[in-house]
Amino acid sequence: RGCNLTACSSKYVLSQMHPMWQGPLVVPGGDRQSPIDIVVRKSIFDSKLKPLVTKYDPHTCQQIWNNGYSFLVEYDDTTDKSTLQGGPMEDKFRLCQFHFHWGETNAWGSEHTVDKKLFPAELHLVHWNSDKYSLFEEAVMEDNGLAVIGVFLKVGKRHEGLQKLVDALPAIRHKNSVVEFNRFDPGCLLPTNTDDYWTYHGSLTTPPLTESVTWMIMKQHIEVSHEQLAVFRSLLFTSAEEDMQKSMVNNFRVQQPLRGRAVRSSFN
Ligand SMILES: CCc1c(F)c(F)c(S(N)(=O)=O)c(F)c1F
Ligand SMILES: [Zn+2]
């Protein structure tokens with residue numbers, strides 16, 4: 001049933017005008033694309049999976065900016081100051097940025113799902129393999145180049161650590177706006193339990209969609225308030241110069257075929 005454009009609300013039309021940001025829905029030859037639905041009863045417990053070890057230095061936080069897809073907090077990744085080790089990985093990975101994906105309502109917004117359960121938002125902490133590569137740009141092209149931690153957000157009590165981030169968002173409402181942001185510990189956004197996670201080999205969920213990501217999706221979610229999520233939705237996809245302002249919502253990619261991949265769990 002096509003939508004008669006005149007009958008659609010402007011928001012519907014606008015969100016339909018944004019398939020491009022997700023890149024091609026299916027990447028030619030792509031057999032390890034992300035995101036996916038995690039079918040819990042089909043995940044395989046692997047006792048060799050280690051707990052995640054994160055060592056984040058809040059002083060390596062540099063800026064927060066709106067890249068027209070999401071807002072991201074970038075870290076100085078010229079040294080091994082903020083790192084991720086353990087999990088399924090053999091190597092050490094450097095934190096380069098974190099960002100979120102969310103919906104226009106609390107009913108949806110996450111990229112991954114657990115037994116088809118949608119969450120209102122999902123946090124991604126992006127790291128690259130600094131044992132094997134010297135730049136993010138190199139690592140992003142390699143099979144074992146990136147490691148991304150995914151954390152589901154649920155609406156509940158206000159997240160005190162997130163509030164510092166939320167307070168900075170009005171300053172980066174438009175695409176390409178940047179504001180200096182320092183001393184933020186991304187560890188405060190992790191759930192208390194980071195030992196229980198699912199892991200699988202996948203891709204970036206935004207262009208260039210390269211199949212270089214080891215995903216670790218946390219079983220435990222974090223809680224943020226409705227008001228905090230509403231500030232995420234006050235961001236815009238569009239730059240200050242554009243006359244049609246488009247609210248930054250539904251910035252998630254559609255789910256991709258599993259193509260026979262195994263999803264392992266670190267817990268029974
Ligand atoms: C090119 C920079 C970048 C992203 F924009 C991004 F959205 C993701 S994602 N959603 O897969 O975590 C990355 F991993 C990533 F490296
Ligand atoms: Zn992401």
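Numbers here simply count residues along the sequence, with the first being 1. Just so you know, ligand 1 is whichever comes first in the structure, and atom 1 is the first atom listed for that ligand.
Contacts with ligand 1 closer than 4.0 Å are made by side-chain heavy atoms of Val148 only, the backbone lying farther away. Looking at Trp215 against ligand 1, only its side chain comes within 4.0 Å, counting heavy atoms. With a 4.0 Å cut-off on non-hydrogen atoms, Phe136 touches ligand 1 through its side chain and not its backbone. With a 4.0 Å cut-off on non-hydrogen atoms, Val126 touches ligand 1 through its side chain and not its backbone.
Checking Asp80, Asp131, Asp76 one by one against Arg94, the salt bridge (Lys or Arg N to Asp or Glu O under 4.0 Å) holds for a single residue, Asp80.
When only non-hydrogen protein atoms are considered, atom 14 (F) of ligand 1 lies nearest to Leu204 CD2, 3.1 Å.
A salt bridge does not link Asp115 with Lys117: every distance from a Lys NZ or Arg NE/NH1/NH2 to an Asp or Glu carboxylate oxygen is 4.0 Å or more.
Seen from the Zn ion (ligand 2), atom ND1 of His124 and atom NE2 of His99 lie 110° apart in angle, a value rounded to 10°.
Under the 6.0 Å distance and 45° angle rule, Lys81 does not count as a cation-pi partner of Tyr75.
Looking only at atom types and distance, the side chain of Asp37 has a donor-acceptor partner in the side chain of Thr113 under 3.5 Å away.
The nearest non-hydrogen atom to atom 4 (C) of ligand 1, considering only Thr206, Val213, Thr210, comes from Thr206.
If you look at His112 and Trp198, their ring centroids are not closer than 6.0 Å.
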